[in-house]
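This report refers to the structure that appears directly beneath it.
As the structure is a computational prediction, the values presented were derived from the model and not from experiment. Order of listing sets the numbers, starting from 1, for every ligand and every atom in it.
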Amino acid sequence: MDVENAVLELCSLPAQVLWSFVCVYRTTCRSPPGGGSTLLLDNEEEETRKYAEPLIGSDCRQGSTSEMADLWQNAMDHAVALARRAGEVVREALQDDRKVMTKSCSVDLVTQTDQKVEQLIIQSVKEKFPTHSFIGEESVAAGEACVLTDCPTWIVDPIDGTTNFVHAFPFVAVSIGFSVNRQMEFAVVYSCLEDKMYTARRGKGAFCNGEPLQVSGQEDIKQSIISTEFGSSRDPEAVEKIFLSLRSILCIPVHGVRGAGTAAINMCHVASGCVEAYYEVGIHVWDVAAGSLLVSEAGGVLMDVDGGAADLMSRRIVAANSRTIAERLVSEIHSFSPLRDDATP
Ligand SMILES: O=P([O-])([O-])O[C@@H]1[C@@H](O)[C@H](O)[C@@H](O)[C@H](O)[C@@H]1O
Ligand SMILES: [Mg+2]
């Protein structure tokens, strides 16, 4: 059992005892006992270090809370390696015919590659972190519950931008979010065809291929680019609201409206500062979990489309460079409430 799980098993002990355990482990063990097989190729461990921000350097004897946060670095490094490996699978699949299936409707697409990538990720994580939980897009589609608990939880969208993948449109992402106590601890979004590895650790900033990210400083929505998507619902009432919002926002006027075809990459664009805000109604928790941390760690804000607090299970999101732009967007959005991801069937 590795250190994260040992710590979680010991969580009932008084903190000072727990810290002495963690510190003793960290000074005596070079790698998690038990290890477990991983998907890392020869030099992949080094490769991932390049993209995960520097380890929190702290004197273990101080037993600070950053040491506890540091425990997730191992998991994040594994997530980066898995995302890169998954990207290889996606790129290889683009060379072949893709077997396309549908889920909730005729334009809600899924492929065997989505399913294969999700299995690759979940299987590998289960070997390394057997006590962790999962929310995976294709696992939920196959009937698994979509419930976020306090447990360490991997929130996985194996291919965000499946329709793009089917059409070889060049924005396809592997999105891996990680939450503990219902709080995002790290995020990994790998834009496979651009070879851009977006990463973020809570409290430690957001990065793209190791370079720090910062949201746009633009506060005037009339000087802004806004991104959104039409989504996969063709319900007439939903489509009506989507177009009413789009027309209101376009005619503010804004400089332009864009959409990458994937929520995760739209949120990476907000974090990178090339788009001032992204909003959408109809997304799922796996589409936005990782992106939400990237945006907040790049200095941005998250909000519900009605101006309230963002709720990753609500299927509604505004991710913006500032409250000013977020609130201006909210005033133009014609919102509706899809069935929540965690709604009891
Ligand atoms: O299905 P998928 O490609 O993982 O996720 C996609 C989202 O990223 C996108 O924002 C939404 O508009 C699409 O309808 C689809 O849900
Ligand atoms: Mg997906």
Below 30° counts as parallel, above 60° as perpendicular, anything between as tilted: where do the rings of Trp154 and Phe178 land?
perpendicular
For the CD atom of Glu138 and the OG1 atom of Thr162, what is their distance to the nearest 0.5 Å?
6.5 Å
Element-labelled atoms of ligand 1 that are located less than 4.0 Å from some non-hydrogen atom of Asp157:
4 (O)
Could you tell me whether Glu137 approaches ligand 1 through its side chain, its backbone, both or neither, with non-hydrogen atoms closer than 4.0 Å?
side chain
Any carboxylate oxygen within less than 4.0 angstrom of a Lys/Arg side-chain nitrogen, looking at Glu219 and Arg328?
no
Verify the distance test for Glu137 against the Mg ion (ligand 2): any N/O/S atom under 2.8 Å, yes or no.
yes
Numbered atoms of ligand 1 (with element) below 4.0 Å of Ile283, judged on heavy atoms
10 (O)
Near Thr162, which atoms of ligand 1 are under 4.0 Å from a heavy atom of that residue?
3 (O)
Using a strict 4.0 Å cut-off to heavy atoms of Ala263, name the atoms of ligand 1 that fall inside it.
7 (C), 8 (O), 9 (C), 10 (O)
Counting heavy atoms only, which part of Asp160 comes closer than 4.0 Å to ligand 1: side chain, backbone, both or neither?
both
Any N or O on Gly161 sitting closer than 3.5 Å to an N or O of ligand 1?
yes
Can you find a protein heavy atom closer to atom 15 (C) of ligand 1 than 4.0 Å?
no
Close side-chain approach of Phe186 and Lys204, heavy atoms under 4.5 Å:
no
Cationic N near anionic O, under 4.0 Å, Glu92 to Lys116
no
Only one of Gln73, Glu185, Glu297 forms a side-chain hydrogen bond (donor to acceptor under 3.5 Å, both in side chains) with Arg201, so which one is it?
Gln73
For atom 11 (C) of ligand 1, tell me which residue out of Glu229, Glu280, Lys103 has the closest non-hydrogen atom.
Glu280
Tell me, please, if Pro158 has any N/O/S atom, main chain or side chain, under 2.8 Å from the Mg ion (ligand 2)?
no
Under a 4.0 angstrom heavy-atom cut-off, which atoms of ligand 1 come close to Ser232?
14 (O)
Establish, from distance only, whether the side-chain atoms of Ser216 and Glu276 form a donor-acceptor pair under 3.5 Å.
yes
Which atoms from ligand 1 have a heavy atom of Gly231 less than 4.0 Å away?
12 (O), 14 (O)
Distance filter under 4.0 Å to Thr262 heavy atoms, resulting ligand 1 atoms:
8 (O)
Using a 4.0 Å heavy-atom cut-off, which part of Ile159 comes near ligand 1: side chain, backbone, both, or neither?
backbone
Asp287, portion touching ligand 1 at heavy-atom distance under 4.0 Å
side chain
Can you tell me how far OG of Ser179 sits from CZ of Arg202, rounded to the nearest 0.5 angstrom?
11.0 Å
Pro338 side chain near Val281 side chain, heavy-atom distance below 4.5 Å:
yes
The Mg ion (ligand 2) -> Asp157, closest N, O or S atom is OD1
Does Arg315 come within less than 4.0 Å of Asp342, counting only side-chain N to carboxylate O?
no
Using modelled atom types only, decide if a donor and an acceptor are shared between the side chain of Thr149 and the backbone of Cys151 within a distance under 3.5 Å.
yes
